[in-house]
Amino acid sequence: MKNIIFDLDGTLIDSSSSILGSFAEAFRQHGITPARPLTPELIGPPLMQCLSLIAGHDDAETLAALAQAFKQHYDSEGYKLTTVFPGIEPMLALLARDHHLYIGTNKRIYPTRRILEHLGWGAYFQEVYALDYFHPAVPNKAAMVGNIVAAHGMSKTETMYIGDRLEDGMAAEANQLAFAMVTWGYLDPASGDMQAHWLSFDRPQALAEAIIKQ
């Protein structure tokens with residue numbers, strides 16, 4: 001493997017406190033009671049999809065107002081609560097020596113860049129991508145990953161996508177890429193999202209060692 005594309009939330013960073021806190025603040029500002037508990041399982045899908053799930057409806061005007069409040073809080077203060085899963089930084093430092101590393105996330109590009117700057121991770125990655133990196137924005141991760149592969153002329157047999165959700169695995173498969181599911185993030189082992197033919201890792205060190213040996 002020469003090219004490693006990483007998902008971000010639940011794979012490299014734990015955004016649960018920052019994202020859920022900003023969701024709570026957005027609903028508080030608008031006096032709306034969430035229709036479901038604010039738990040880490042909500043993290044991963046694009047923002048508007050998350051807000052619809054939390055609100056329990058898809059009223060466009062309400063969701064737009066909630067989105068604006070969320071962005072204002074998260075982009076200015078909320079993102080600073082992001083934490084890093086144990087073992088991630090040594091893994092990135094090891095892999096970056098001989099591999100090209102990229103980010104491909106559902107998170108908006110603006111806070112993604114702020115988080116990477118906040119963590120001091122800029123030197124690890126060749127480029128950082130999100131759905132709204134592209135103009136117009138791409139509709140899903142499969143399209144995003146396909147664009148990343150095409151933009152850099154990556155060989156599909158030498159490229160791997162790494163994530164913590166079923167959506168991540170399906171995005172890799174849609175582009176004929178190898179996929180590794182990490183289980184140290186938000187994945188519920190009982191969800192049935194893990195496919196038998198996917199690689200699975202419970203520690204960053206084990207993932208790095210496996211990639212280096214390939």
Side-chain angles (χ1 to χ4, degrees), residues 5-85 88-89 92 101-141 143-145 147-148 151 162-165 167-168 171 185-186:
I5 308 171
F6 285 98
D7 171 50
L8 188 58
D9 293 316
T11 301
L12 300 179
I13 62 174
D14 184 354
S15 296
S16 56
S17 294
S18 58
I19 291 177
L20 297 178
S22 293
F23 279 149
E25 177 62 17
F27 278 77
R28 185 197 66 77
Q29 287 183 18
H30 289 280
I32 301 172
T33 300
R36 58 185 297 171
L38 298 178
T39 58
E41 289 75 21
L42 291 167
I43 299 171
L47 176 58
M48 298 307 290
Q49 184 178 339
C50 288
L51 289 171
S52 180
L53 289 171
I54 298 169
H57 61 72
D58 57 2
D59 179 74
E61 183 175 350
T62 300
L63 295 182
L66 289 169
Q68 183 63 25
F70 171 87
K71 291 175 183 178
Q72 288 178 346
H73 187 268
Y74 187 75
D75 293 359
S76 61
E77 296 296 329
Y79 79 92
K80 297 176 184 178
L81 297 177
T82 298
T83 60
V84 179
F85 290 115
I88 292 297
E89 293 202 33
L92 292 176
L101 308 186
Y102 302 83
I103 294 288
T105 178
N106 275 340
K107 186 186 292 293
R108 293 173 296 116
I109 193 67
Y110 178 75
T112 295
R113 287 172 172 161
R114 296 207 73 178
I115 288 169
L116 295 181
E117 180 181 4
H118 180 66
L119 296 175
W121 283 4
Y124 290 137
F125 300 101
Q126 303 291 312
E127 185 57 272
V128 178
Y129 293 93
L131 302 186
D132 66 344
Y133 172 95
F134 304 96
H135 302 284
V138 294
N140 52 50
K141 273 189 174 174
M144 175 182 62
V145 171
N147 282 3
I148 297 171
I162 298 172
D164 71 311
R165 296 284 195 181
E167 176 195 25
D168 299 324
Y186 307 142

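Index from 1, following the sequence. These figures come from a predicted structure and were not determined experimentally.
No donor-acceptor pair under 3.5 Å is formed between the side chain of D132 and the backbone N or O of A137. Side-chain N or O atoms of H118 include none that pairs as donor or acceptor with a backbone N or O of Y79 at under 3.5 Å. Panel note: side chain R36, backbone L53; no donor-acceptor pair is recorded below 3.5 Å.
Here Y129 contributes atom OH and T105 contributes atom OG1; the two are 14.0 Å apart, rounded to the nearest 0.5 Å. Put simply, NE2 on H73 and CZ on R28 are 8.5 Å apart, with the number rounded to the nearest 0.5 Å. L8 CG to L116 CG: the interatomic distance, rounded to the nearest 0.5 Å, is 6.0 Å. The CE atom of M144 sits 8.5 Å away from atom CD1 of I5, with the distance rounded to the nearest 0.5 Å. Between the CD1 atom of I43 and the OG atom of S18 there is a distance of 7.0 Å, given to the nearest 0.5 Å. Note: I19 CD1 to T82 OG1 = 7.0 Å, rounded to the nearest 0.5 Å.
Taking every heavy atom of both residues into account, I54 and F27 meet most closely at CG2-CZ, 3.3 Å. In terms of heavy-atom proximity, V84 sits nearest to L119 at CG2-CD2, 3.8 Å. What you find for A69 and H30 is that their closest heavy atoms are CB-NE2, 3.9 Å. Taking every heavy atom of both residues into account, V128 and Y133 meet most closely at O-CD1, 3.6 Å. R108 approaches T112 most closely through the heavy-atom pair O-OG1, 2.7 Å. Here the closest heavy-atom approach between residue A171 and residue V145 is recorded as CB-CG2, 4.3 Å.
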D7 vs R165, salt bridge (charged side-chain N to carboxylate O under 4.0 Å, His left out): CA-CA, chis, key distance, verdict | CA-CA 9 Å; D7 171 50; R165 296 284 195 181; over 6 Å; no

Which is it for L63 and S52 under the side chain to side chain contact (heavy atoms under 4.5 Å, CB included) test, yes or no, and what are the steps along the way? CA-CA 7 Å; L63 295 182; S52 180; 4.0 Å; yes

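Looking at I103 and W121, their side chains never come closer than 4.5 Å, going by heavy atoms from C-beta outward. Residues T83 and S17 fail the side-chain proximity criterion, which asks for heavy atoms closer than 4.5 Å. Inter-residue side-chain proximity for P40 and L20 is flagged as met; some heavy-atom pair is nearer than 4.5 Å. Looking at heavy atoms from C-beta onward, D9 lies in side-chain contact with Y186 at the 4.5 angstrom threshold. Taking 4.5 Å as the limit, every side-chain heavy atom of Y110 sits out of range of all side-chain heavy atoms of K71. By the 4.5 Å heavy-atom criterion applied to side chains, F23 and L51 are counted as neighbours. In this structure, the side chains of F6 and L92 come closer than 4.5 Å at one or more pairs of heavy atoms.
Judged purely by distance below 3.5 Å, without hydrogens or angles, the side chains of Y74 and K107 pair a donor atom with an acceptor atom. For the residue pair Q49 and N106, no side-chain donor N or O sits within less than 3.5 Å of a side-chain acceptor on the partner.
In this structure, E117 places its CD atom where only 12 or fewer heavy-atom neighbours from other residues, nucleotides or ligands lie under 6.0 Å away.
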